[in-house]
Q: 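One structure, pasted below without further comment.
All chains are named by letter (A, B, ...) in the order of the sequence lines, taking the proteins before the strands, and each is independently numbered beginning at 1.
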There are 2 protein chains.
Amino acid sequence: MSNVAGHGPSGQGATTRAAIAEAASHLFAEHGYAGTSVRAIAAAVGIDPALVVRYFGSKERLFLETVRLPLPIAKAFDGPLESLGERIVEAMLSGNLPERLATMGALMRASDSDAVREKVREIGELTFIHPLRAQLAGPDADLRARLIGAQMNGLLIALGMDDDRLTHVERARLVAVYGRAVQALVDG
Amino acid sequence: MSNVAGHGPSGQGATTRAAIAEAASHLFAEHGYAGTSVRAIAAAVGIDPALVVRYFGSKERLFLETVRLPLPIAKAFDGPLESLGERIVEAMLSGNLPERLATMGALMRASDSDAVREKVREIGELTFIHPLRAQLAGPDADLRARLIGAQMNGLLIALGMDDDRLTHVERARLVAVYGRAVQALVDG
DNA sequence: GTCTATATGGGGATAGAC
DNA sequence: GTCTATCCCCATATAGAC
């Protein structure tokens with residue numbers, strides 16, 4: 001933390017770029033895309049707003065380069081197929097859920113842009129569709145994998161809507177009930 | 001446009017408000033919330049941007065007053081419970097689907113605002129939760145109804161992402177496969 | 001009352017000086 | 001490489017003209 005600042009405004013390009021990316025990542029997750037101004041990012045790093053644009057080309061490209069949606073569901077694919085539905089839901093709710101919801105919200109709210117929508121598709125493709133399709137049998141495997149992805153997005157969005165009726169439900173109940181719905185697509 | 005005040009079918013006077021709402025509704029559905037400026041709405045009607053604010057208070061209130069997400073699923077609740085899942089999905093995909101996807105996208109992208117999130121919750125509550133909860137049995141009825149709403153949002157969002165792999169699937173296949181997943185929550 | 005003109009403050013992005 | 005100065009677009013609020 002102390003290696004970022006300390007020797008005045010005459011720093012190196014590489015570390016400035018990394019500092020911008022670091023600050024942007026946090027601010028985007030916390031305040032969303034529209035809620036985060038280039039000026040705010042620059043202020044957090046202690047540089048001029050124009051530098052941010054100079055390093056990353058535009059606010060949108062900065063967002064696309066720094067946004068990370070950690071979905072630690074890789075390990076959920078190991079295990080018996082008959083309980084895969086529950087394991088997927090369980091994985092979606094574990095780890096840093098608040099940050100995941102915030103990032104998901106930031107992505108959705110910025111999905112005006114074609115590039116952002118492509119990014120969302122890409123994340124779903126890599127984390128859900130490909131691994132799932134490999135495990136599912138039947139001619140509808142690809143479709144079923146995509147629909148499981150839709151279920152997961154729906155769950156994250158519902159939780160991100162701050163609906164107390166849903167966010168206050170015990171995790172185990174959520175896993176059991178929604179897991180059955182996911183399992184219906186796993187089984188085909 | 002030097003039409004003097006008075007009354008008439010030329011979009012002036014008392015019909016100005018309606019004309020603004022009409023133009024705003026179309027523009028929001030087509031270009032989203034952020035993508036639609038008050039200036040653009042005013043230009044479409046042929047008036048000054050300040051008039052829009054004068055009539056509706058703010059861009060956000062104009063959006064909240066004019067946004068309509070037609071979900072003609074009321075009739076889907078009539079019929080045997082064992083095929084309710086399919087009927088719900090069928091209803092979600094019938095009617096003017098492109099407009100529904102555009103409006104859903106506009107709502108999601110504007111969900112930075114608490115008022116918009118509340119609006120989204122309200123729509124889900126009235127169109128899904130209440131009617132569904134009345135038909136579902138068991139102690140988890142409320143939870144299951146909300147999760148079906150999450151599934152529907154997930155489906156709309158996935159379709160709105162312009163993923164050809166999903167939008168090109170025949171409607172009947174989508175209804176059959178996703179309907180089973182919904183049915184899993186109907187059955188409990 | 002209805003509408004127009006204008007001012008304010010903030011945003012992203014650019015050109016060019018150190 | 002870095003920053004200063006600037007441009008254009010936006011939403012919003014206020015004052016004043018019909």
Side-chain angles (χ1 to χ4, degrees), chain A residues 3-21 23-24 27-28 30-67 106 109-110 112-116, chain B residues 1-21 23-24 27-28 30-67 106 109-110 112-116:
Chain A
N3 58 343
V4 173
H7 49 290
S10 62
Q12 292 77 7
T15 63
T16 300
R17 190 190 157 92
I20 294 171
L27 287 172
F28 280 137
E30 191 170 355
H31 302 111
Y33 180 74
T36 302
S37 69
V38 172
R39 283 170 168 81
I41 296 168
V45 183
I47 59 171
D48 190 88
L51 253 192
V52 175
V53 176
R54 180 162 187 82
Y55 272 113
F56 289 90
S58 72
K59 180 185 175 183
E60 180 178 311
R61 285 214 285 274
L62 170 59
F63 177 68
L64 288 171
E65 281 195 35
T66 58
V67 68
R109 286 171 205 135
D112 253 303
S113 143
D114 290 347
V116 173
Chain B
M1 291 307 184
S2 45
N3 212 354
V4 196
H7 64 289
S10 57
Q12 301 288 336
T15 62
T16 300
R17 189 188 160 93
I20 293 171
L27 288 172
F28 281 137
E30 191 170 356
H31 303 110
Y33 180 75
T36 302
S37 70
V38 172
R39 280 171 166 74
I41 296 169
V45 184
I47 57 172
D48 189 88
L51 251 194
V52 175
V53 176
R54 180 160 187 82
Y55 272 112
F56 288 90
S58 72
K59 179 186 175 182
E60 181 177 311
R61 285 213 286 275
L62 169 59
F63 178 68
L64 288 171
E65 280 196 35
T66 58
V67 68
R109 286 170 206 137
D112 254 302
S113 146
D114 290 348
V116 172

Q: Under the rule for side-chain hydrogen bond (donor to acceptor under 3.5 Å, both in side chains), what residues qualify as partners of A/E30, not counting sequence neighbours?
A: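 Once residues adjacent in sequence are excluded, A/E30 has no partner under the side-chain hydrogen bond (donor to acceptor under 3.5 Å, both in side chains) criterion.
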Q: If the condition is side chain to side chain contact (heavy atoms under 4.5 Å, CB included), which residues does B/A34 pass it with, not counting sequence neighbours?
A: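 Once residues adjacent in sequence are excluded, the partners of B/A34 under the side chain to side chain contact (heavy atoms under 4.5 Å, CB included) criterion are A/D112.
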Q: Can you check each nucleotide of nucleotides 11-18 of chain C against protein heavy atoms at under 4.0 Å and return B for base, S for sugar-phosphate only, - for none, in 5' to 3' order?
A: BBSB----
Q: Residues two or more places apart in sequence or in another chain: which of them pass side chain to side chain contact (heavy atoms under 4.5 Å, CB included) with A/S37?
A: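 Counting only residues at least two positions away or on another chain, A/S37 forms a side chain to side chain contact (heavy atoms under 4.5 Å, CB included) with A/R39, A/A40.
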Q: Can you name the residues that form a side chain to side chain contact (heavy atoms under 4.5 Å, CB included) with B/A50, not counting sequence neighbours?
A: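 In terms of side chain to side chain contact (heavy atoms under 4.5 Å, CB included), with neighbours along the sequence ignored, B/A50 is linked to B/D48.
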Q: When the distance from NE2 of B/H31 to P of D/dC10 is rounded to whole Å, what number comes out?
A: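 Spelled out: NE2 on B/H31 to P on D/dC10 is 13 Å.
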Q: Go through the structure and list residues passing side chain to side chain contact (heavy atoms under 4.5 Å, CB included) with A/V67, not counting sequence neighbours.
A: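 Scan of A/V67 (side chain to side chain contact (heavy atoms under 4.5 Å, CB included), adjacent residues dropped) gives A/F63, A/T103, A/L107, A/K119.
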Q: What is the distance, rounded to the nearest whole Å, between atom OH of B/Y55 and atom C1' of C/dC3?
A: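 Nearest whole value for this atom pair: 8 Å.
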